[in-house]
S.K.: 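Input: one structure, supplied below.
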There are 2 protein chains.
Amino acid sequence: MNSLIDALRAQGLRATPQRAIIFEALEKLEGHFTAEDIFAEVQQVNPYISLATVYRTLELLQNLDLVTSTNLGGNQTYYALKDHCSHHHLVCQACGGIEEFCDDIFEPVRVMLAEQYGFEARTDHLSIFGLCKKCRKAGQN
Amino acid sequence: MNSLIDALRAQGLRATPQRAIIFEALEKLEGHFTAEDIFAEVQQVNPYISLATVYRTLELLQNLDLVTSTNLGGNQTYYALKDHCSHHHLVCQACGGIEEFCDDIFEPVRVMLAEQYGFEARTDHLSIFGLCKKCRKAGQN
DNA sequence: CTTTGTGCAAAGCGTTTGCATCCTG
DNA sequence: CAGGATGCAAACGCTTTGCACAAAG
């Protein structure tokens with residue numbers, strides 16, 4: 001459970017309560033969330049933790065490879081605990097809903113990109129935009 | 001050639017010199033570029049055109065379906081003339097280079113997403129991150 | 001005790017907007 | 001001329017940073 005503490009120690013970094021609280025918030029909030037989301041969650045535990053610390057800790061956690069950041073198209077950055085099995089996002093342009101889908105759908109694409117372009121795709125930060133099931137039915141155009 | 005003028009007229013909008021200059025800059029700059037890039041280009045023609053007008057015109061051109069905007073992972077938005085055949089971006093995480101690749105590679109993915117998730121993918125704003133050919137050879141890890 | 005981490009407030013950065021002025025149609 | 005378009009500068013929202021203080025090792 002203390003993967004965070006361990007990771008920090010391993011790097012000679014300090015295990016502060018702020019970092020622990022922020023990390024717990026990340027575990028609690030499943031899925032993808034903004035710095036503000038995390039800040040709000042964190043403040044319920046300790047209202048004196050600052051937003052700057054949240055940002056600094058998120059950057060730290062990215063360096064430790066525990067957190068990923070993604071830009072889902074808007075103006076804010078979305079963060080998530082780095083997942084074991086990589087997955088992608090289906091972002092609905094109508095309702096803004098985010099759904100995840102499994103990486104193996106991309107296997108054919110990865111292969112083709114490697115063959116045709118020599119490009120090694122790291123498909124862990126992928127977002128696909130479009131219309132989700134619900135909005136397709138609702139709109140029907 | 002005056003697709004812009006025509007499009008503007010068709011919407012009852014005004015064909016101003018600023019809009020024409022910005023549109024020409026877009027044609028001149030091939031590929032993807034930021035508002036600042038366009039601004040710099042535009043200023044060589046007329047240094048009195050403001051950045052605000054560039055942004056406003058870019059938004060207008062998007063509404064006219066002549067320009068697309070993409071977020072390639074950084075903090076800036078990238079714009080491009082809308083292409084006939086839609087394409088995607090291979091963004092190299094090492095050198096930052098952007099390569100384009102054709103949409104039809106995604107056909108299998110689109111089909112699978114529709115079948116499995118009922119998601120209608122609009123794959124015109126897609127970026128895939130990874131390592132380009134050159135950087136793969138250079139790094140070799 | 002040394003050095004890293006924190007909080008606060010201010011700065012940064014790309015983008016948007018209010019308002020007076022300009023100019024297209 | 002009337003209403004859309006522009007330029008300027010200020011506002012905005014998210015994120016980063018400088019600095020003095022707190023606290024981890």
Side-chain angles (χ1 to χ4, degrees), chain A residues 2 4-25 32-43 45-64 66-79 96, chain B residues 2 4-25 32-43 45-64 66-80:
Chain A
N2 283 336
L4 204 218
I5 309 282
D6 297 344
L8 290 173
R9 293 257 162 81
Q11 304 280 321
L13 299 168
R14 294 185 180 169
T16 66
Q18 286 90 335
R19 288 175 175 171
I21 292 171
I22 291 169
F23 192 73
E24 277 165 28
H32 311 82
F33 23 79
T34 65
E36 290 285 351
D37 294 335
I38 299 160
F39 181 53
E41 187 62 34
V42 158
Q43 288 221 309
V45 182
N46 181 341
Y48 296 106
I49 293 180
S50 75
L51 183 55
T53 296
V54 171
Y55 276 109
R56 283 190 279 232
T57 302
L58 285 171
E59 194 189 342
L60 177 77
L61 291 173
Q62 287 181 74
N63 295 338
L64 295 177
L66 294 172
V67 157
T68 60
S69 72
T70 321
N71 200 316
L72 295 173
N75 34 339
Q76 291 169 87
T77 303
Y78 285 77
Y79 301 87
Chain B
N2 283 336
L4 205 219
I5 309 283
D6 296 346
L8 291 173
R9 294 258 163 78
Q11 303 281 322
L13 299 168
R14 294 184 180 170
T16 66
Q18 287 91 334
R19 287 176 176 173
I21 292 171
I22 291 170
F23 193 72
E24 276 165 30
H32 312 83
F33 22 78
T34 65
E36 290 285 348
D37 293 335
I38 299 161
F39 182 52
E41 187 62 35
V42 157
Q43 287 221 310
V45 182
N46 180 341
Y48 297 107
I49 292 180
S50 76
L51 184 54
T53 296
V54 170
Y55 276 110
R56 282 190 278 231
T57 302
L58 284 171
E59 194 189 343
L60 177 76
L61 291 174
Q62 287 182 73
N63 294 338
L64 295 178
L66 293 173
V67 158
T68 59
S69 72
T70 322
N71 201 316
L72 295 173
N75 34 338
Q76 293 169 85
T77 303
Y78 286 77
Y79 300 87

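Sequence lines set the chain letters: A, B, ... in the order given, protein chains first and strands last, and positions in each chain run from 1. Excluded from the calculations below are hydrogen atoms, water molecules and symmetry mates; all remaining heavy atoms, backbone and side chain alike, are included.
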S.K.: Quick one: pull up CG in Leu61(B) and CG in Leu66(B) and give me the separation to the nearest 0.5 Å.
M.R.: 6.0 Å
S.K.: Leu60(B) has an atom CG; how far is it from atom C1' of dT24(C), in whole Å?
M.R.: 15 Å
S.K.: Evaluate the side-chain proximity of Thr77(A) to Asn75(B): yes if any heavy-atom separation is below 4.5 Å, no if none is.
M.R.: no
S.K.: In whole angstroms, how far is the C1' atom of dA9(C) from the OH atom of Tyr55(A)?
M.R.: 16 Å
S.K.: Just how far is it from atom CG of Leu58(A) to atom CZ of Phe33(A), taken to the nearest 0.5 Å?
M.R.: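 Answer rounded to 0.5 Å: 8.5 Å.
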S.K.: What is the distance, rounded to the nearest whole Å, between atom CG of Asp37(B) and atom P of dT15(C)?
M.R.: 10 Å
S.K.: Looking at dG5(C), I'd like to know if its phosphate oxygens (OP1 or OP2) sit under 4.0 Å from a side-chain N or O belonging to Thr53(A).
M.R.: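 No.
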S.K.: Are Leu64(A) and Gln11(A) packed together at the side-chain level, in the sense that at least one heavy-atom pair is separated by less than 4.5 angstrom?
M.R.: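 Yes - at least one pair of side-chain heavy atoms lies under 4.5 Å apart.
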S.K.: Using only atom types and a distance under 3.5 Å, with no angle test, would you say the side chain of Thr57(A) pairs donor to acceptor with the backbone of Thr53(A)?
M.R.: yes
S.K.: I'd like to check Leu8(B) versus Leu60(B) (side-chain heavy atoms, cut-off strictly below 4.5 Å). Are they in contact?
M.R.: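 Sidechains of Leu60(B) and Leu8(B): in contact.
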S.K.: Roughly, in whole Å, what's the span from CD1 in Ile21(A) to C1' in dT6(C)?
M.R.: 12 Å
S.K.: Say you draw a straight line from OG1 of Thr34(B) to OH of Tyr79(B); how long is it, rounded to the nearest 0.5 Å?
M.R.: 9.0 Å
S.K.: Expressed in angstrom and rounded to an integer, what is the separation of Asn75(B) atom CG from dA11(C) atom P?
M.R.: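 Answer to the nearest Å: 20 Å.
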S.K.: Could you measure the distance from the OG atom of Ser69(A) to the CD atom of Gln76(A)? Nearest 0.5 Å is fine.
M.R.: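 Ser69(A) OG to Gln76(A) CD: 13.0 Å, rounded to 0.5 Å.
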S.K.: Which residues within residues 7-14 of chain A lie with some heavy atom under 4.0 Å of an atom in DNA chain C?
M.R.: Leu13(A), Arg14(A)
S.K.: When the axes are fitted on five pairs at both termini, how much does the helix from dC1(C)-dG25(D) to dG25(C)-dC1(D) curve, in 10° steps?
M.R.: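 Answer for the end axes of this duplex: 30°.
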S.K.: Walk along DNA chain D from 5' to 3' and tell me the first and last nucleotide with an atom closer than 4.0 Å to a non-hydrogen atom of chain A.
M.R.: dC14(D) to dG25(D)
S.K.: What is the distance, to the nearest angstrom, from the CD atom on Glu59(B) to the P atom on dT15(C)?
M.R.: 12 Å
S.K.: What's the CG-P distance between Leu51(B) and dT15(C), to the nearest Å?
M.R.: 8 Å
S.K.: Name the nucleic acid region contacted by Arg56(B), choosing base, sugar-phosphate or nothing; use a 4.0 angstrom heavy-atom cut-off, strictly under.
M.R.: base
S.K.: Using the side-chain heavy atoms of Gln18(A), tell me which of these nucleotides is nearest: dG25(C), dT6(C), dG14(C).
M.R.: dT6(C)
S.K.: Check for a donor-acceptor pair, side chain of Arg19(A) on one end and backbone N or O of Leu4(A) on the other, with a separation under 3.5 Å.
M.R.: no
S.K.: Nearest 0.5 angstrom please: Ile22(B) CD1 to Ile38(B) CD1, how far?
M.R.: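 It is 8.0 Å, given to the nearest 0.5 Å.
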S.K.: How do Thr34(A) and Val54(B) order along DNA chain D: which one's closest nucleotide is nearer the 5' end?
M.R.: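 With Thr34(A) and Val54(B) compared, the 5'-side residue is Val54(B).
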S.K.: Does a side-chain heavy-atom distance below 4.5 Å link Asp37(B) with Phe39(B)?
M.R.: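 Asp37(B) does not reach Phe39(B) side chain to side chain.
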S.K.: Mapping Ala15(A) and Ala52(A) onto DNA chain D by nearest heavy atom, which one lands closer to the 5' end?
M.R.: Ala52(A)
S.K.: Rounded to the nearest 0.5 Å, how far does CG of Leu51(B) lie from CD of Gln43(B)?
M.R.: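 It comes to 8.5 Å.
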